[in-house]
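So the structure is just underneath, and the comments pick up after that.
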4 protein chains.
Amino acid sequence: MRYKNKEKLNSIFDATIDLVTKVGLSETSVSKIARKAGISSSTIYVYFESKEDLLISLYVKLKEKMMLKIYDGINENDNFKKSYKSALLNFINYIIDNPKVFLFVEQFNNSPFEKKIPKEEYSKIIYNHNKFYQRGQKEGYLKNIEINLLIIFTHYPAMQFVKEYFKGSEILNEQKLQHIINMSWEAVKK
Amino acid sequence: MRYKNKEKLNSIFDATIDLVTKVGLSETSVSKIARKAGISSSTIYVYFESKEDLLISLYVKLKEKMMLKIYDGINENDNFKKSYKSALLNFINYIIDNPKVFLFVEQFNNSPFEKKIPKEEYSKIIYNHNKFYQRGQKEGYLKNIEINLLIIFTHYPAMQFVKEYFKGSEILNEQKLQHIINMSWEAVKK
Amino acid sequence: MRYKNKEKLNSIFDATIDLVTKVGLSETSVSKIARKAGISSSTIYVYFESKEDLLISLYVKLKEKMMLKIYDGINENDNFKKSYKSALLNFINYIIDNPKVFLFVEQFNNSPFEKKIPKEEYSKIIYNHNKFYQRGQKEGYLKNIEINLLIIFTHYPAMQFVKEYFKGSEILNEQKLQHIINMSWEAVKK
Amino acid sequence: MRYKNKEKLNSIFDATIDLVTKVGLSETSVSKIARKAGISSSTIYVYFESKEDLLISLYVKLKEKMMLKIYDGINENDNFKKSYKSALLNFINYIIDNPKVFLFVEQFNNSPFEKKIPKEEYSKIIYNHNKFYQRGQKEGYLKNIEINLLIIFTHYPAMQFVKEYFKGSEILNEQKLQHIINMSWEAVKK
DNA sequence: GATGAATGAGTTTTCATTCAT
DNA sequence: GATGAATGAAAACTCATTCAT
């Protein structure tokens, strides 16, 4: 059913990201998406069952892309501390370079739709995380605690900082980035 | 001029908190609030100029209450490390004990309304934080970096953890709480 | 029942005239009148039975004032042509000098309220007109036709002109006024 | 883009004219129009951007129709006096035969919407008038004064008379019509 | 595959009015 | 005499979705 017309599909996705990051999820209506994409509202229902279906599909796509970037170029043979810092820098650089992707995902995570994300989606992401943090624990670098706590201290402070930077209430510089990465490391290291 | 009838005012606030935490901010309409509060929609406009006015008033009230709790019982003469851990535990306990307050504030922070919070509100909160973290820096306990980074590493991991606990994807126990408080401390300490 | 408090009554009337001439009859609500008059909406219902009652009372008051001015200083012994021109000039001067009175009356005349003006109101005005135009006919100056046609050609072109002047689409000068008065005279004279 | 379905469009226009002439512009709501037209309120927004857009579109359509009728069958080679009287009679007959059109246009002219009529609309109408009255001046029949004064004395007395006739306070007969046409001529002729 | 047209249910807000104090 | 509080009804408008073509 999918892939009827890749171009039209992408223009729907693009219009949705644009709107959600500009006017917010709650102000993003199907008709506005259609207008922005230059198509009829009803065409959206050729590609998606409902507005919810569209938003979730887009979320899954973006979240997956975002998470894959984290472990890009991470080598199991490198020293773990170096790997950890690279992975976190990867993540920060990605969300800074792709503000719309990041802001869309964040809006979504803090919305009523969040509950409806298919569980399998999580498992794929969690698998990658688990592999990485288990390695750190096995090699004796990381605290032997629930991995989710390690994940939280790795990603959320950075995410909050970047959000404030996008909002204009924080200033970004190389030094601050290094501080954040260091602090996360100090929180999770054994 | 406000506070015409304290009881009715509170029933409006209660209905609003209930709805926002149950169905989400974007699904919370004035008519639903009125129905839940057992009054007419138009009565809400006797108490508030607009839906936005209602939401912001409620947010300011709750956020203030929440922030005041953090430094409750914190004594300047105590050892700073002890003070820090007490303050963070205060905060965590408050949001665990008042899930609706916490979830309302979070929804609001991640919504388009966030931009419309009166600035003075921020300054009051920031003042308390600044005083506390500057003390920690002066006494040589905290990293000499931008205070906002210290705040972020103190509150956001805990908040994310509690959110996941409320969602049902995390399990809460004393040990985990201690882990979180420790990790935050290790992130911010000199 | 009337004359409870002359001052308050007048502030209601003033607020009403102001609003109707500024935002239009249909945008003039009881609560806006109250706000402008600095009183409570419910106080208006102490003075008037309904919004309609208020508007009609004000209309009757203003219309009467406006019509009385027309024959101010008109002397039965003067030459009729002179009287006619004086009366028309009186009228034009009055509506130019009292734009709010004129615009309120005009808005009202072109509204659904117009149907509800008490008939006795008309008879008083018509009596004055009849007396004047009958004199003109008796003295052989005016066409022996239905008086209402004479009234129409006397007042409506001038009113339309002044309306356009207030709107900004016409420019007022002494010469044009003389043209209007002349043309009306040529239309009604025998 | 407009004129999706001529029949439905006309039923919207018809319902609007009916309502405005029966209950007045300010009492004419979108939902009443929809009910009368036998469609859903929201359908009206398929055809028009707003209530204002609907009303202005209708006004422009009707006013244009009305103005075109005036100079119908007027021949430049006829004697000007004859042309003038024909044109005025044309106008009077049209508004008598089309009371709803006339009353709608009048309500609109005396409403807050009046300010929002697109300017081009005026220029088309004014062009026709100018051509006609300039001819009358050039041929020595009309006063050499501002054309707008000639227009006012030609149309407004007749309009006021017909309004009163529709209201029931005037009686229409052939003789009165001739009086009106004569009086207008005497007002404007050199 | 695409869309124009249509709609019921909903939105926020204002209205004229009432009534207990 | 005056008013704060309350409200049912209505306003203009938007929504996600459907369906015939």
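Chain letters run A, B, ... following the sequence lines, proteins first, then strands; residues in each count from 1.
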Round to a whole Å and report the spacing from [atom1] of [X] to [atom2] of [N].
{"X": "C:I44", "N": "E:dC19", "atom1": "CD1", "atom2": "P", "result": "18 Å"}
{"X": "C:L54", "N": "E:dA16", "atom1": "CG", "atom2": "C1'", "result": "12 Å"}
{"X": "C:F48", "N": "E:dA16", "atom1": "CZ", "atom2": "P", "result": "15 Å"}
{"X": "D:I33", "N": "F:dA10", "atom1": "CD1", "atom2": "P", "result": "16 Å"}
{"X": "C:L19", "N": "E:dA16", "atom1": "CG", "atom2": "P", "result": "11 Å"}
{"X": "A:R35", "N": "E:dT3", "atom1": "CZ", "atom2": "P", "result": "15 Å"}
{"X": "C:D53", "N": "E:dA16", "atom1": "CG", "atom2": "C1'", "result": "14 Å"}
{"X": "C:Y45", "N": "F:dA2", "atom1": "OH", "atom2": "C1'", "result": "15 Å"}

Closest heavy-atom pair and its distance - B:I39, B:I12: CD1-CG1, 3.8 Å
Considering all heavy atoms, the nearest C:A34-C:S40 contact: CB-C, 3.8 Å
Donor-acceptor contact below 3.5 Å, side chain C:K8 vs main chain C:T43: no
Test item: B:K51 side-chain N/O and B:T28 main-chain N/O as donor-acceptor pair under 3.5 Å: yes
Tell me which nucleotide among [options] gets nearest to the side chain of [X].
{"X": "A:S40", "options": "F:dA16, E:dT3, F:dC13", "answer": "E:dT3"}
{"X": "A:V46", "options": "E:dC15, E:dG1, F:dT17", "answer": "E:dG1"}
{"X": "A:V30", "options": "F:dT17, E:dA16, E:dA2", "answer": "F:dT17"}
{"X": "A:I39", "options": "E:dT3, F:dT7, E:dA16", "answer": "E:dT3"}
{"X": "B:S31", "options": "E:dT17, E:dT11, E:dT3", "answer": "E:dT11"}
{"X": "A:K51", "options": "F:dT17, E:dA2, E:dT17", "answer": "F:dT17"}

A:F48 ring center near A:F13 ring center (under 6.0 Å): yes
Secondary-structure stems for DNA chain E, with pairs counted as Watson-Crick or G-U when both distances are under 3.5 Å and runs at least 3 long: E:2-21 with F:2-21
Toward the 5' end of DNA chain E, by each residue's nearest nucleotide, B:E27 or D:G38: D:G38
5'-most by nearest nucleotide on DNA chain F - A:S42 or D:K32: D:K32
5'-most by nearest nucleotide on DNA chain F - B:T43 or D:S29: B:T43
Using a 3.5 Å cut-off and no angle test, enumerate the donor-acceptor pairs between side-chain atoms of residues 102-109 of chain B and protein atoms at least two apart in sequence or in another chain.
unit_1: B:E106; atom_1: OE1; unit_2: B:K163; atom_2: NZ; d: 2.9
unit_1: B:Q107; atom_1: OE1; unit_2: B:L25; atom_2: N; d: 3.1
unit_1: B:Q107; atom_1: NE2; unit_2: B:V20; atom_2: O; d: 3.4
unit_1: B:N109; atom_1: OD1; unit_2: B:Y59; atom_2: OH; d: 2.7
unit_1: B:N109; atom_1: ND2; unit_2: B:V105; atom_2: O; d: 3.3

F:dG4 phosphate, OP1 or OP2, under 4.0 Å from B:Y47 side-chain N/O: no
Any C:K8 side-chain N or O less than 4.0 Å from OP1/OP2 of F:dA2: yes
Audit row: A:K22, A:E27, salt bridge (Lys or Arg N to Asp or Glu O under 4.0 Å) steps and yes/no: CA-CA 9 Å; A:K22 245 168 237 161; A:E27 296 299 301; over 6 Å; no
Pairwise distance OG(C:S57) to OH(C:Y47) - rounded to 0.5 angstrom: 13.5 Å
